[in-house]
Amino acid sequence: MHDLYVLMLSVHGLMRGHDLELGRDADTGGQTLYVIELARALGRHARIGQVDVLTRLVDDASVSPDYAAPSEGLGACARLVRLPCGPRCYLRKESLWNHLDQLVDRSLGYLRQQPRLPDVIHSHYADAGYVAVQLSQLLGIPLLHTGHSLGRCKRQRLLDHGRKARMIDRQFNFDRRIAAEEAVLEHAVRVVTSTAQEGREQYGLYDHHQPAHMVVIPPGTDTSRFAPPGRAPLPPHVPMLVDRFFAQPKKPLILAICRPDVRKNLQRLVAAYGESPELRARANLAIVAGNRDDIRSLDEAQADVLQALLLDIDRYDLWGSVALPKQHQPDDIPALYRLAAQRRGVFVNPALIEPFGLTLIEAAASGLPVVATRDGGPSDIIAHCENGVLVDPLDSTDIARGLLESVSDSRTWQRYARRGIGGVTRHYTWDAHVEKYLKEVDRVLHHRRKQMRRERVTQHPASRFMPDARRMLMSDIDNTLLGDRAGLDALIRVLRTPSRNFGFGVATGRHLSSALEVLKQSRVPLPGVLITAVGCEIHYGPDMRPDPGWRRHIQYLWRRDAVASLFTGLPGLTLQSDDQQSEFKLSFNVEPGASPSLHELKTLLRQAGLHANLIHSHDAFLDILPVRASKGRAVRYLAYKWGLPLRAFLVAGDSGNDLEIVVGDTRAVVVSNHSAELETLRGLEQVYFSATPSASGILEGMAHYGFADSPAPALKREAA
């Protein structure tokens, strides 16, 4: 297939195509460089028509105005697209979770404006994975994922270092991160890893680990930027970055480049150097650990690392032998590698665990031998390149041994330097990465092509049955639309007004016949669209014509009989009456405290090789749906299909099975008689909690948003 369209998502950090602020904070590290360089390399390939990298727009005086530009070119056929998501200020990744549903909707709006849908979606890290799973399920597009780092691994390392579980879970939002990672692993058709160890051991900690979906494609490096020392002199300011610290600057240079993060194990590196008189006599040590103006202005974790380094430099009396520069530019990094190579030094990465080690291949391409942790990706790199030594990151004596081995013998140094350059050329260029990447994409598309033609929400939908409305009120029925007769009568008067400028629909857990009957009994005008059975059915117009495209879309991976057999008879779960069941919905009553938890039920599904969406509501009901079905996804399907912006929907609900329709880019009202499951949404910008119940609460929400009277948004509508 030619002219492939690849959509990548990388949500957090500061993303731009030039002068990447690597090491500015914990969120702007190797992942940002990886994504930008992968996009550029894909964009250069003859088979690529377009690469879009979606990230978050940041309009914040504390960062560069570059991050507020809606788009930025990344070379041939590639661009960086920034979409608003949550507040305009820069947020650390742990604070983004409540805003990601809005990014789903903004991404749908962006894709709706493109000439065609992407062929594949590729997410980077758990937050982008959360967004990408929903896009993939809504649009029927295969999902690839790169984790970069994993929540279960990070959580365990922090616990091993004595951190308290409750404290770190609150700080890093591990519950949401790990749940998102599980969902990605369940849904992604390929998980791109840098090493076999990452796919086997790190992802192996997850319930939804699927070894057949793991594919090893090591990252590349830009050999136009990272190359051995040549005849051209180094920029004169680069040696001065470190030489001003040294009493004898011409000695071999041990170089470390990383963020000031406890996981990078810099304190043990200083101990290894400080405790080895022979190493101190032979070489200088330079640690380039991000940029800083004042350690006291850094976040607490980074400040702690740098303060500990300074105290250890003083403890071992390393003044004149160790450099810890405060500032550097991105373009200084390649020159620092070349400087260390000129001085017959070595690059060191002593991290406690390193999923891959991009700096190791940058150093190797620069003709610099490496000493690296034996835990993680470096073992693969050194096996391929034979250009250095693996060490135990928990043993300072072993770190010193590896460094001495590399700088003490000129023949060993030359052999490592030569092999590193050749190994990178053979194994770690971006062109080699892209060739392997496209082979996997071809396999995915070959397997899915016929299925995608049937299931994708195409640019050629069936003839339109939805009312020609430029706004839509979508409400749940029970306890939302119904439950307050006086409020309902007032709302009905609004709905019967000939001049109203919005359409009306319902989204309910009831089946179609039950929904129509209760609406008729309550004298509610017939909606223009009904989403029924918790999102498994969509019907339009006076004759309630079904949407066949939605039916085809949610059939994906659905094995109703197998799911029913698995869940029937479980303790605390009782099948509801036959009139509550359907082809695409299994409904159970739940006995709190006696039934398995949602996590346990999902584990049962995984172990049985089954896929489903579990929706728990009112602490009493469990609906089991196809993995692509829910009220929220049905609303977004409608918005995408008819080109109606999500901001044009006012949605109203009261319980857990309404959760997906009241988050994101829709305008939402939660009525005052809501269940506790929706309390977590308080404070979200576009979720209004009414002071009145049911239909009165809906009217209150309409007044809050100026819904019935405010001008309709400008729309881009597709041809009929």
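The shown structure was predicted, so the numbers you read here are calculated from the model rather than taken from an experiment. Index from 1, following the sequence.
- Using a 4.5 Å heavy-atom cutoff, the side chains of Ser10 and Met8 are not in contact.
- Take His599 and apply the side-chain hydrogen bond (donor to acceptor under 3.5 Å, both in side chains) test, not counting sequence neighbours, and it matches Asp207.
- Between the Tyr637 side chain and the Trp550 main chain, a donor and an acceptor come within less than 3.5 Å of each other.
- Around NZ of Lys602, the count of heavy atoms belonging to other residues, nucleotides or ligands within 6.0 Å does not exceed 12.
- Side chain of Arg628 to backbone of His553: a donor-acceptor contact under 3.5 angstrom is found.
- The closest side-chain heavy-atom distance from Gln114 to Tyr110 is below 4.5 Å.
- Between Leu530 and Thr508, the closest side-chain pair of non-hydrogen atoms is not below 4.5 Å.
- For the side chain to side chain contact (heavy atoms under 4.5 Å, CB included) with Phe504, the qualifying choice from Val524, Val494, Leu526, Val529 is Val524, the only one to do so.
- Rounding to the nearest 0.5 Å places OG of Ser630 at 11.0 Å from CG of Asp658.
- The backbone N or O of Ser565 sits nowhere less than 3.5 Å from a side-chain atom of Thr568 that would complete a donor-acceptor pair.
- With sequence neighbours excluded, the residues satisfying side chain to side chain contact (heavy atoms under 4.5 Å, CB included) with Glu600 are Pro596, Ser597.
- Side-chain contact between Glu182 and Arg152 is present, with heavy atoms from C-beta onward closer than 4.5 Å.
- In this structure, CG in Leu646 is found 9.5 Å from CD in Gln686, a value given to the nearest 0.5 Å.
- In this structure, the side chain of Gln576 engages the main chain of Phe588 through a donor-acceptor pair within 3.5 Å.
- Side-chain contact between Tyr705 and Arg647: absent, with no pair of heavy atoms (C-beta onward) separated by less than 4.5 Å.
- Taking 4.5 Å as the limit, some side-chain heavy atom of Pro527 sits within range of a side-chain heavy atom of Leu519.
- By the ring-ring contact (aromatic ring centres under 6.0 Å, His included) test, His124 pairs with Tyr34, His122, His148, sequence neighbours left out.
- Taking 4.5 Å as the limit, some side-chain heavy atom of Leu488 sits within range of a side-chain heavy atom of Ile492.
- Counted within 6.0 Å of CZ on Arg88, heavy atoms from surrounding residues, nucleotides or ligands total 12 or fewer; the atom is thus considered open.
- To the nearest 0.5 Å, atoms CZ (Phe502) and CZ (Phe649) are separated by 13.5 Å.
- Checked for salt-bridge contact, Asp52 and Arg79 meet the test: a charged N lies under 4.0 Å from a carboxylate O.
- Using modelled atom types and a 3.5 Å distance limit, the side chains of Asn589 and Thr574 yield no donor-acceptor pair.
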Requested in this report: Applying side-chain contact (heavy atoms from CB on, under 4.5 Å), run through Tyr125 and Val11 and close with a yes or a no.
Outcome: CA-CA 8 Å; Tyr125 196 77; Val11 176; over 6 Å; no
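- A donor-acceptor contact shorter than 3.5 Å links the side chain of Asp60 to the backbone of Tyr90.
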If you look only at distance, which donor and acceptor atoms sit under 3.5 Å apart when one is on a side chain in residues 693-702 and the other is two or more places apart or in another chain?
unit_1 : atom_1 : unit_2 : atom_2 : d
Ser694 : OG     : Asn479 : O      : 3.4
Ser694 : OG     : Leu482 : O      : 3.3
Ser696 : OG     : Asp484 : OD2    : 2.3
Glu700 : OE1    : Ala691 : N      : 3.1
Glu700 : OE1    : Thr692 : N      : 3.2
Glu700 : OE1    : Thr692 : OG1    : 2.6
Glu700 : OE2    : Tyr688 : OH     : 2.6
Glu700 : OE2    : Ala691 : N      : 2.9

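- The distance between the ring centers of His611 and Tyr556 does not fall below 6.0 angstrom.
- Between His12 and Glu94, the side chains place no donor N or O within less than 3.5 Å of an acceptor N or O (distance only, hydrogens not considered).
- Met474 places none of its side-chain heavy atoms less than 4.5 Å from the side chain of Ile661.
- Rounding to the nearest 0.5 angstrom, the gap separating the CZ atom in Arg496 from the CG atom in Leu491 is 11.0 Å.
- A donor-acceptor contact shorter than 3.5 Å is absent between the side chain of Arg551 and the backbone of Asp547.
- Under the side-chain hydrogen bond (donor to acceptor under 3.5 Å, both in side chains) criterion, the residue pairs touching residues 529-538 are Thr532-Glu537, with sequence neighbours excluded.
- The backbone N or O of Glu660 lies less than 3.5 Å from no partner atom in the side chain of Lys631, so there is not a single donor-acceptor pair.
- Side-chain rings of Phe174 and Phe172 approach one another, their centers coming within less than 6.0 Å.
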**Report entry** Derivation of the side-chain contact (heavy atoms from CB on, under 4.5 Å) call for Asp169 and Arg155
**Finding:** CA-CA 8 Å; Asp169 288 345; Arg155 186 178 189 275; 2.8 Å; yes
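- The list of salt bridge (charged side-chain N to carboxylate O under 4.0 Å, His left out) pairs with a residue in residues 516-528, not counting sequence neighbours, reads Asp489-Arg523.
- Atom CG of Asp127 and atom CG of Leu103 lie 9.0 Å apart (nearest 0.5 Å).
- Crowding of Gln171 atom CD: a count of heavy atoms from other residues, nucleotides or ligands under 6.0 Å exceeding 12.
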